[in-house]
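Let me begin by presenting the structure, written as structure tokens, before commenting on it.
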Amino acid sequence: MMRGKPDEDEYWNSSKFKAFTFDDEDDDFTKLKESKRAVNSIRSLVEDEDDEDDVEKVNWSGEPVGSISWSVKETASSIRSTGEARDLSFPKIDTAPSLPKNSSGYSLSSLFKGKAKPGSFQSFSDSFSDQSLRNYAPELRKPKSEYKDYVSDWTPKETVKRMQHGKAYSLEKFRSLQDKLLLLDEAVDAHDGNVITAVLIYLKKSLCKDILFRELISREIALRHYVHYLKEMEEHKLLVELFRSLGRSEDMALMHYRDHLNIKDENKRRDFLKDCLRQPFSPDDASHVQDHYTLLERQIIIEANDKKLENSGQADIFKKYPRKASILNMPIITTLYYSCFYHYGEAEGTFSSPANIRKTFRLSDKQFLLTCLGARAKLKAWFDVDALFTSKNWLGYTKKRSPIGFHRIVDILHKNNAPVQVLQEYVNLVDDTEQKISLAQKYKCHDVVINTYRDLKDRQQLVVYRGKVDRGSPEDRKIEDLLSNTQIRWKN
Amino acid sequence: MAHSVRRDAPELPDFSLLKRLARDQLIFLLEQLPGMKDLFIESDLMSPLDRIANVTTLKEHEVDKLYKVEYKSIVSTSDQLCFLIRPRIKTVKWICDVVNADKAIGKFRRYKVIFCPQKFYACENLLEEQGVIGDLTTDEWSFYLLPLDDDIISLELPEFFRDNFLEGDQRWVRTAGSALHLLHTLYGPFSKVYGIGRCSKMAYESWREQVKEGEQRPRQADIGNVFLIDRDVDLVTPLCSQVVYEGLVDDIFRIKCGCVEFGPDVTSSDKSIKVMLNSQDKVFNEIRNEHFSQVFGFLSQKARNLQTAYDTRSGMDIQQMKTFVSEKLKGLKQEHRLLSLHIGASESMMKKKTKQDFQDMLKTEHSLLEGFEIRECISYIEEHINRQASMLESMRLLCLLSLTENGLLPKDYRSLKAQYLQSYGVDHLLTFSNLKQLGLLVEQQPGETLTVMESRVGKLVNDKTAGKLTDAFSSLAKKSNFRALSKRLNLVPKSDEEYDLRVPRDMAYIFSGAYVPLSCKLIEQALERDGWTGLEEVTRMINGQEFVVTGSNGSDTRVKSDAQQIILVMFLGGCTYSEISALRFLGREKGYKFVVVTTAITNSARLLESMLDRHA
């Protein structure tokens, strides 16, 4: 220990801290007595509780606990029968899992487990409180004497306590199934996940898995600890078996599916995904996994072809825009983008064509349009962009349609650096006049603004807008022409 | 802009003591392995370690080289290795590999593993199975609490959220109890504990056990009241976009252990700088709790003042100038530096947010909170997904939709999930499974009402079919009842009222006046009512397992009233900077001082990232 610096000395000896004691049991005991005396002299607050039974009962699930305020006087006389923890100053509250209000009044665990009679437990731990420092002082060597008092007939409760305190303990003596389960339930009641897992590790070693699984079914909390432990230990096989025996087939399927993430080689990954299809996914998930498999299968084909094409140097598009990354393991939408970028106009029959991808993965018009728009705009293929919205009606007139509002289209085009000439065409298609004007102003589509004001016969706005354009510019002249036009009957 | 502090608000206790304790214990542990040694540090322990010690401290205690744990084979030539790690299976496995690799080539070394803040049996069991016990010794560094600021203490355990609420693993419950116990010992005794949430209840129990086992020296309490709250009591708040300065900085730049790294776009130079963000930074301290829209005005006013201060130089004589340089200049320079930094940060944040159409995003969020024009919100989210905009943001909006609407209609759920998988990868199937398990993103059960569910559960209990029981249990927990809670607690102010962000009238200001954070509202209400009486309906909807208990600790018969005004709020599963700002506001209004203890500082991105499962 570091001594010497005055401030440290002061710190270790100040009232907030106790000095350490090495192997000095007496000292501990003196202190213990002192503290007992001190604590006993304090009027204690103890809720009327009898430990063993009470934990199992759900007595205030969802009830307002504001009503439970323990006043000093009321509870001073209620000293618990077990004799344990007379010195506690805060009341115990029931932490057993509870079901909502009008449930049957049983907790989950109480349905299944047999409990030992209360009172058979000695309060052993009560006499040793050498851990008081543990939480803020370095763990020192434990008193030698503690190892001497090693006895192996600790009750489940005492054992759990000792484990919580990091003291010596022994689990070997819990041999009967009932004892093992009592121990487990005791650990669960202590709300210490660390100890619950420790007990589960022991049960895993000392029980055949069928029995363990069977018992875990009725112990939700322990079960979740076990599942988490197996996940962390990457014992996937056992986990799959566990899910199977619990009838949690979807979890099992997902557990299995998860493993594809660890497979680097794309062909092996594809085969693994194919194999996955036999897993009992929910119907929706099954179709997603099917898509995943199909996607990777196609990506492998596309990747091989495009790599060849790129290396051969024959295709202009690859020369002009070299691929930055492989398409393998990319999402469906990214694959569509890629295909709109490099394989636009291919016949629907080819795997790499946008139309094929759209159809295979049942993509909506909106998804297709947004992705395609992005890709073609990136290439500045404005003609393609135009064609995306053009549809002919039965009389042969062309009309511009879009599954999403044209104001969004304008936004996307702008983000892709579309020139004003292109932008204004789509700004013009915005239905809402106000929105149209504000978009046109935002993206400096002067013609649209001017024409709209003209159509609205709004002279004042036109005058205002003139102040925003450069003097002598074409739009300035256009406004001037309009304002001097005597034919127009302005509304203001 | 600086809010007037009520005169009766007491001073906060000094938490730097916690740092000293942690440092001294670490030194003690290092001395347990005498001689020169190399130290391997778990990457996410590095920042916390930085806050309490520095390289010199370590060197003084015979640490030779420092390495980060990287799960690769090591190159150290030292014959003593010390590992400072979190109790994680993955790290322990790696250490076993290191030891066994050494053994295989006949290299003899001494190893020491220090688990922080405690060891787990699962880790020790692994060491045993791998046959390395005997080659190495283990220890615990009980570094539970890191003060990040005058009023923020963090356990720095981001995994708490996932472990506890998703996996259902209670391994950190006792840790939380121990942290509370430490605070109780140093700053208590506490006289009243409020709590809501299952984990809070268990942590309370664990703490109470530890109090019972230990001893408390009679001392005058610094902190009188404690409020424990589970993160899953309110999942809506951490998923909202943060618009208070500190929260926004966290959302955009990610504050790590109270420290942020500003890139070249902020510093307008070619290098990044790391800045501590806390009350020591005078400029930051004045804007941290402000709505972002107010920050610009403040900063420019500040800049003008600074200019004026500099300008006083003109017309000074030599003597005055001398005084100016020796007394004022340094402070002015410091202020100038901070000011330009925060102006840079504000500009950069503005740019980033404009780029991603933040205004539209906020509008959608507010509509969701209000329950207004839900179809429009859904198509906004859909387009967000289709355009492959940020994966986490899409997920965040989906979760907000589900939480506020008590789940998605089956038709919407299927369609949005499919589009999500198409945009971001099918392997997000695993993410969706996690989100469902936790209740963040669920499908509405057709025709479901609470009473129907309850009677169903009642039947199932007799059924003893555990699988179904589990389902029923978890789907019950999944109901967020947000709309009803919001109505009951008045969380969403009427939208037709103008909200003046310059003069906030309630905690809603942290979300532009659109929403009072549920978590903070619960705290406010319980404190005001001195318990949960009158909130029965609210707590039933939360399924909250609320409690309030009064203790008696000798000294509390004549507790100084100051301690009663200091309230320690412990968030189990993390809290956001916005919530801390809201509590600071509440404290100013009511004359309380809040000390926030959290398992980690969280935000929507961190919370959702912890739900990802992509790298098994």
Side-chain angles (χ1 to χ4, degrees), chain A residues 1-2 15-16 35 42-43 45 62 64-66 69-70 72 85 87-91 93 95 99-100 102-104 106 129 131-132 135-136 138-139 191-194 197-198 201 217-218 220 224-225 228-229 232-233 246-247 254 258 261-262 284-285 288 291-292 331-333 361 366-367 370, chain B residues 21 25 27-29 89 120-122 125 140 142 167-171 173-174 178 181-182 186 201-202 205-206 208 212-215 217 386-388 414 421-426 429-430 433 454 457-458 461 466-467 470 531-533 536 540 546-554 614-616:
Chain A
M1 231 185 86
M2 54 286 115
S15 65
K16 276 174 182 165
S35 64
I42 299 164
R43 285 173 297 172
L45 281 174
V65 186
S69 59
W70 291 268
V72 178
D87 48 350
L88 97 163
S89 51
F90 266 87
I93 53 172
T95 41
L99 291 169
N102 63 352
S103 69
S104 64
Y106 292 103
S129 322
Q131 292 295 314
S132 57
N135 297 293
Y136 58 92
E139 180 96 39
H191 317 302
D192 190 332
N194 180 28
T197 306
I201 292 171
I217 286 177
S218 56
E220 166 76 5
R224 294 185 74 179
H225 282 81
H228 191 212
Y229 173 71
E232 289 196 309
M233 294 298 291
L246 293 171
L254 284 173
R258 184 191 317 260
L261 295 167
N262 297 324
D284 277 347
D285 285 1
H288 294 311
D291 281 355
H292 196 172
I332 292 170
I333 294 295
F361 299 106
K366 205 164 148 184
Q367 285 174 300
L370 284 168
Chain B
L21 273 172
Q25 202 203 352
I27 290 168
F28 174 80
L29 290 170
I89 296 290
F120 286 144
Y121 285 103
N125 183 61
E140 283 178 336
S142 325
E167 308 286 1
D169 192 321
Q170 299 168 359
R171 58 170 58 153
V173 169
R174 191 174 166 87
S178 303
H181 182 49
L182 176 55
L186 298 179
K201 219 183 211 181
M202 294 191 293
E205 265 303 303
S206 169
R208 192 189 57 87
K212 197 172 81 183
E213 286 150 8
E215 60 178 288
R217 299 215 161 186
N386 291 162
R387 289 171 74 172
Q388 292 185 303
R414 263 197 295 279
L421 299 179
Q422 285 160 346
S423 277
Y424 305 109
V426 179
L429 269 180
L430 302 166
S433 158
E454 277 174 333
V457 171
V461 170
T470 312
W532 299 98
T533 324
E536 292 81 2
R540 188 180 58 83
E546 70 287 358
F547 62 90
V548 54
V549 287
T550 313
S552 151
N553 294 290
R614 302 186 84 174
H615 303 289

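Every chain is numbered from 1, with letters handed out A, B, ... down the list of sequences. These numbers come from the heavy atoms of this one structure, side chains and all, not from hydrogens, waters or symmetry mates.
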- Note on the structure: Distance col, row B:Gln422:CD vs B:Gln388:CD, nearest 0.5 angstrom, shows 10.5 Å
- Measuring heavy-atom distances to chain B, does A:Asp284 have an atom under 4.5 Å in its side chain, in its backbone, in both, or in neither? side chain
- Query: Which bit of B:Asp169 is near chain A, if near means a heavy-atom gap under 4.5 Å: side chain, backbone, both or neither?
  - Reply: both
- The ring-ring contact (aromatic ring centres under 6.0 Å, His included) partners of A:Phe361 (sequence neighbours excluded) come to none
- side chain to side chain contact (heavy atoms under 4.5 Å, CB included) against B:Arg387, all qualifying residues, sequence neighbours excluded: A:Leu370, A:Arg408, A:Asp411, A:Ile412, A:Lys415, B:Glu383
- Query: Where does B:Ser423 contact chain A at under 4.5 Å (heavy atoms): side chain, backbone, both or neither?
  - Reply: both
- Check: A:Gln367 side chain, A:Ile333 main-chain N or O, donor-acceptor pair, under 3.5 Å: no
